[in-house]
Amino acid sequence: MPDPVHVRELTTDDLDAAWELGRVAFGATSERAASTTVAVPGMSRYGAFDDSGRLVGKAVDLHHDQWWSGRAVPAADVAGVAVAPEARGRGVGRAMLTGLLRGAYERGAAVSALYPTVAAPYRACGWEAAGVLRTVDLATAALPRHRPSPDLTVRAGAVADLPAVADLYERVARYRNGMLTRRGELFDFFAADRGLPGDGLTLVEDDGDLVGYATWQRGRGYGADSVLTVDEALAVTAGAARELAGVLGSWASVAPTLRLCPLDGDAVSTVLPLEAARDHERDLWMHRPVDVARAVSARGWPAHTRGVVDFGLTDTLAEWNTGTWRLTVADGDAELTRVGGEADLRLDVRGFALLYAGAARARSVSQAGLLHHSAGVDPAALDLLGAGGPAQLLDYF
């Protein structure tokens, strides 16, 4: 039998042991960030302790909000999960994540995302793969050149421009699904006294209004292996996207490679030669509901989508989600209400995650064994849960 562990929120007295556990687990250097020594608003740290009181596991609940079709949905995004090597395979991770989910539920979170180093333990706890954050390399010289527009102003940004940059990010992210709002105590804590991100901030303005920006890091050298890393490049007009591409392409003589994370279907991606991109890195991310009723009612839904479907749900870690539910969608809103009896459609929580995040349709979820139904029942009725398109992430945490 696995040795029993006790899970609780960490106090500041536990932070030295938590940092050392993380340093060993992730192979970090001995340099320690100041945030690891103090309580951080908007962050809950959980630890698992063995019967001797030794810390054998840790996990962090980041109090993010995520945009879902125009509405901010409270999230418990998970990071920093580590288990001592001697305690692995003994249920420590599952115990920690169970405690984290309960704490997140009690504070009002609705959904959760994480980036796994290995997917299987998180699948066993109800998370499922929902998307990939891609970092790609492009030949800088391949970026399209164009004649600068006389109607747009391109200039270097300053710290005073950061609020306008945040507003433009929100204009891009707000009506997508899954992207962080970048609001709240946690972001405010890390933004305090912060200067410009990276080495440079390039702005595109139309009559004084910000319509595009790129933040970038120059990197080292100017030979064949020199890389210009674009932390973020977003625009809300095609003209601004072309201006940004022109500025980034101007680095070709000293930085032959451009590295960035493209956002599917946004203005900047539509002007990049993505057919020539080479994957530099792929970071799988996973999703799960914390509270299914809250996850459905808090988000926005397509105004044209209407329907009603009953389904059963099984969630072994979050028992408050288990039961028979009726999903009703109409006029841009939706709700889940509990109903009696058994439903013809029966979802595992991982199947719910796939549908909610728009990562799969109901027939595929059924083929994966995460949706069961009676003979003759069409599982496609649960496609209603996935209305609104696929979720995406642009932040790594």
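Residue indices begin at 1 and follow the sequence shown. Only this structure's heavy atoms are used, side chains among them; waters, hydrogens and symmetry mates stay out.
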Q) Is there a donor-acceptor pair under 3.5 Å between the side chain of Asp206 and the backbone N or O of Asp209? A) no

Q: Could you tell me which residues satisfy salt bridge (charged side-chain N to carboxylate O under 4.0 Å, His left out) with Arg145, sequence neighbours excluded, listed by chain and number?
A: none

Q: Could you go through the side chain to side chain contact (heavy atoms under 4.5 Å, CB included) check for Arg288 and Leu101 one step at a time?
A: CA-CA 10 Å; Arg288 133 195 265 289; Leu101 280 172; 3.7 Å; yes

Q) In terms of side-chain geometry, is the basic nitrogen of Asp315 or Arg350 positioned less than 4.0 Å from the acidic oxygen of its partner? A) no

Q. If you group Ile, Leu, Val, Met, Phe, Trp and Tyr whenever their side-chain heavy atoms sit less than 4.5 Å apart, what else falls in with Phe49?
A. Leu10, Leu21, Leu55

**Q.** Stepwise ring-ring contact (aromatic ring centres under 6.0 Å, His included) test for Trp251 and Trp216
**A.** CA-CA 12 Å; Trp251 286 94; Trp216 43 269; 5.3 Å; yes

Q. Under 4.5 Å between any side-chain heavy atoms of Phe187 and His64, yes or no?
A. yes

Q) Sub-3.5 Å donor-acceptor pair from the side chain of Arg94 to the main-chain atoms of Thr98, do we have one? A) no

Q. Do you know the tightest heavy-atom contact between Ala387 and Arg299?
A. O-NH2, 3.3 Å

Q. Hey, is the main chain of Val308 close enough, under 3.5 Å, to the side chain of Thr328 for a donor-acceptor pair?
A. no

Q) Between the main-chain N or O of Leu263 and the side-chain N or O of Ser269, is there a donor-acceptor pair closer than 3.5 Å? A) yes

**Q.** Straight-line distance of Ser297 OG to Glu335 CD, nearest 0.5 Å
**A.** 8.5 Å

Q) How long is the span from the CZ atom in Arg182 to the CG atom in Leu180, to the nearest 0.5 Å? A) 7.0 Å

Q: Flag yes if more than 12 heavy atoms outside Glu319 fall under 6.0 Å of its CD atom; otherwise flag no.
A: yes

**Q.** Electrostatic pair Arg183:Glu170 at N-O distance under 4.0 angstrom
**A.** yes

Q | Arg326 CZ: over 12 foreign heavy atoms closer than 6.0 Å | A | no

(Q) Looking at Glu86 and Arg54, is there a salt bridge between them, counting it only when a charged N and a carboxylate O are closer than 4.0 Å? (A) yes

Q.
Under a 3.5 Å distance rule, please check whether Tyr356 uses its side chain to pair with a backbone N or O of Ala295 as donor and acceptor.
A. yes

Q | Salt bridge Asp50-Arg90, side-chain N to carboxylate O under 4.0 Å | A | no

Q. Is the backbone of Val292 close enough, under 3.5 Å, to the side chain of Asn321 for a donor and an acceptor to pair up by distance?
A. yes

**Q.** Pairing of Arg174 and Asp167 as salt bridge, 4.0 angstrom limit
**A.** no

(Q) Check this for me, if you would: do Asp310 and Arg346 make a salt bridge, where the nitrogen-to-carboxylate-oxygen distance has to be below 4.0 angstrom? (A) no

Q. Has the side chain of Ser226 got a donor or acceptor atom that lies under 3.5 Å from a matching backbone atom of Gly223?
A. no

(Q) Can a donor-acceptor pair be found, under 3.5 Å and without considering hydrogens, that links the side chain of Thr324 to the backbone of Gly341? (A) yes

Q.
Using 0.5 Å steps for rounding, measure from the OG1 atom of Thr257 to the CG atom of Leu260.
A. 12.0 Å

Q) Given the rule in the side chain to side chain contact (heavy atoms under 4.5 Å, CB included) test, do Thr135 and Arg259 qualify, once you have shown the distances and angles that lead to the verdict? A) CA-CA 7 Å; Thr135 305; Arg259 182 168 293 158; 3.6 Å; yes

Q) So, Asp331 and Arg306, do they make that salt bridge, N to O below 4.0 Å? A) yes

Q.
For Tyr175, give me all partners under side-chain contact (heavy atoms from CB on, under 4.5 Å), at least two apart in sequence or on another chain.
A. none

Q) Which word best sums up how the rings of Trp320 and Tyr105 line up, parallel for under 30°, tilted for 30 to 60°, or perpendicular for over 60°? A) parallel

Q) CD/Glu243 to CD/Glu205 distance, rounded to the nearest 0.5 angstrom? A) 12.0 Å

Q: On the 0 to 90° scale, with breaks at 30° and 60°, tag the His287-Trp68 ring pair as parallel, tilted or perpendicular.
A: tilted

Q. Between Arg123 and Glu128, is there a side-chain N and carboxylate O pair less than 4.0 Å apart?
A. yes

(Q) Could you check whether any side-chain N or O of Lys58 sits under 3.5 Å from a backbone N or O of Arg45, counting only pairs where one atom can act as donor and the other as acceptor? (A) no

(Q) Strictly distance-based, threshold 3.5 Å: is any side-chain N or O of Thr140 a donor or acceptor partner for the main-chain N or O of Ala255? (A) yes

